[in-house]
Amino acid sequence: MPDTRLELLIADVVAKFAEKYASDPDIVVAAPGRVNLIGEHIDYNDGFVLPMAIERYTVIAAKVDPQNEATATLYSVDMDEQADISLVDPVKKENSHWSNYVTGVVDGMVKGKGFSIPGFQAVAKSNVPIGGGLSSSASLEVATATLIEAITGQTIAKVDKGLVCQKAEHDFAGVPCGIMDQFSSVLCESDHVLLLDCRDQSFQQIPFSNPDIVVLIINSEVKHELSGGEYAQRRAQCEEALEILGAESYRDVTLQQLQQKKDDFDEVVYHRAHHVVTEIARTVKTAEAMKKNAWQTVGELMYASHASLRDDFEVSCKELDVLVDIASKTDGVIGARMTGGGFGGCIVALVQGNKADSISDSICREYEEQTGVKPSAFMTRPGQGAHVIQS
Ligand code: ADP
Ligand code: MG
């Protein structure tokens with residue numbers, strides 16, 4: 001089915017390009033954001049994640065500019081700002097400027113992969129919510145890498161492209177992320193989810209074959225600022241537990257082994273490890289259940305994941321719990337859970353497509369009644385990984 005929303009976005013970007021540079025672009029590329037269906041807070045514990053691309057993209061249109069050999073001029077419609085980026089000696093800007101995501105990828109392609117990029121003019125626009133936990137940053141990076149490939153006519157292996165973009169996020173944006181966001185934007189395929197092994201970076205495409213099921217993403221529109229360095233603390237607790245277990249990796253730990261050693265643990269640390277071990281198992285089971293079209297099982301695993309993040313890992317919050325609770329009582333919802341780092345942000349739910357609009361409306365209405373906060377929601381099927389639209 002054609003993605004009319006993407007087509008409109010492309011038309012918008014092309015029109016903006018013509019307005020800014022008084023000519024038509026030669027090249028147009030798109031790269032999606034992503035949502036993680038299950039496998040939360042285990043990417044840094046050698047676990048699995050199960051993301052899919054969302055049908056929301058960053059689109060970049062560009063044209064080689066022979067007048068301007070060593071510079072890329074990029075206008076972001078979303079930021080309403082133009083940035084000039086050196087293609088020979090890319091320099092990071094201060095104050096977490098948005099162009100750093102692009103500059104970092106240029107740097108990785110030029111210095112890391114030996115690309116020689118001709119000067120170009122470009123316009124970028126995204127319909128991935130920016131800063132909403134659906135990885136607009138990775139979609140901008142991966143769109144940039146895909147654009148550089150199309151401009152130069154050279155490509156690199158998809159996994160390497162993901163790694164270049166991850167490095168850009170680390171070194172130029174200062175975000176020490178795992179591999180999920182960039183790998184998803186590069187590797188995901190429509191009608192599939194990606195089972196990604198964060199230990200060895202291997203992956204499998206898992207069919208999301210039932211066309212009658214759609215993914216509903218609801219943003220709680222809250223983000224609790226926590227002063228306690230919660231993320232670093234969780235990581236430290238996970239490491240401490242692994243040491244007590246005497247294991248190298250959580251992949252070598254069974255639930256039974258953990259339970260047998262329970263008395264050696266501080267209670268909180270035990271619960272953290274309990275989440276990790278059970279979430280790894282749930283993520284693998286979810287992929288297996290999807291392969292068999294066992295959607296009820298998938299739904300149960302999503303609810304169990306949420307409960308584990310709430311009770312064992314303690315990274316949920318009242319608003320996310322309210323959303324999942326309402327979803328679980330709504331007819332036509334197969335499963336739901338918080339997604340992302342937690343303490344706010346989005347939930348992801350699997351719902352019956354023919355009822356999706358009314359399900360979305362009723363969950364949002366009830367959430368607003370209970371919390372006084374107006375949420376935002378959208379539906380998606382698995383989108384398509386980064387691709388060239390025109391070159
Ligand atoms: P998320 O990836 O969850 O959307 P991040 O905070 O990781 O949130 O990334 C958001 C940042 O990425 C923005 O503040 C901006 O710097 C950059 N960014 C994302 N999309 C665009 C865009 N279309 N144009 C310019 N900058 C963008
Ligand atoms: Mg991001």
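Every number for a ligand or one of its atoms is a count from 1 in the order of the listing. Everything numeric here is computed off the predicted structure, so don't read it as measured data.
- Under a 4.0 angstrom heavy-atom cut-off, Pro129 registers as being in contact with ligand 1.
- At a 4.0 Å cut-off, at least one heavy atom of Ser135 sits close enough to ligand 1 to count as contact.
- To the nearest 0.5 Å, atom CG of residue Leu216 and atom SG of residue Cys364 are 7.0 Å apart.
- Among all non-hydrogen protein atoms, the one lying nearest atom 11 (C) of ligand 1 is Tyr101 OH, 3.7 Å.
- Counting heavy atoms only, Ile130 comes closest to atom 21 (C) of ligand 1 of the residues Ile130, Asn100, Leu74, Val102.
- Remark: the backbone N or O of Pro32 is not paired with any side-chain donor or acceptor of Glu55 at under 3.5 angstrom.
- Cation-pi contact between Arg337 and Tyr303: absent, since separation from the ring centre below 6.0 Å together with deviation from the ring axis within 45° is not met.
- Put simply, the side chain of Thr330 reaches to within 4.5 Å of the side chain of Ser362, judged on heavy atoms.
- The line from NE2 of His306 to CE of Met338 is 7.5 Å long, rounded to the nearest 0.5 Å.
- Remark: Lys93 NZ is packed, more than 12 non-hydrogen atoms of other residues, nucleotides or ligands lying under 6.0 Å away.
- Taking every non-hydrogen atom of Ser126 and a distance limit under 4.0 Å, the qualifying atoms of ligand 1 come out as 23 (N).
- Atom 8 (O) of ligand 1 has as its closest protein heavy atom Gly131 CA, 3.2 Å.
- In terms of protein heavy-atom proximity, atom 10 (C) of ligand 1 is closest to Ser136 OG, 3.6 Å.
- Scanning the protein for heavy atoms near atom 18 (N) of ligand 1, the closest one is Leu140 CD2, 3.8 Å.
- Here is the list of ligand 1 atoms found below 4.0 Å of a heavy atom in Leu134: 3 (O).
- Shortest contact from atom 23 (N) of ligand 1 to any protein heavy atom: Asp78 OD2, 2.8 Å.
- Of the protein's heavy atoms, Ser137 CB, 3.3 Å lies nearest to atom 9 (O) of ligand 1.
- Side-chain contact between Val29 and His387 is absent, with no heavy atoms from C-beta onward closer than 4.5 Å.
- Taken together through direct or relayed side-chain contacts under 4.5 Å among Ile, Leu, Val, Met, Phe, Trp and Tyr, Leu37 and Leu196 form parts of separate hydrophobic clusters.
- At least one N/O-N/O distance between Ser76 and ligand 1 falls below 3.5 Å.
- Arg272 has its side chain out of reach of Glu240: every pair of non-hydrogen atoms, C-beta onward, lies at least 4.5 Å apart.
- The Mg ion (ligand 2) has no N, O or S atom of Ser135 closer than 2.8 Å.
- Between atom NZ of residue Lys223 and atom CD of residue Glu319 there is a gap of 11.5 Å, rounded to the nearest 0.5 Å.
- The protein heavy-atom contact nearest to atom 3 (O) of ligand 1 is Gly133 N, 2.9 Å.
- Short contacts between ligand 1 and Gly132, defined as distances under 4.0 Å to a heavy atom of the residue, involve ligand atoms 3 (O), 4 (O).
- From the protein, the heavy atom lying nearest to atom 26 (N) of ligand 1 is Trp98 CB, 3.3 Å.
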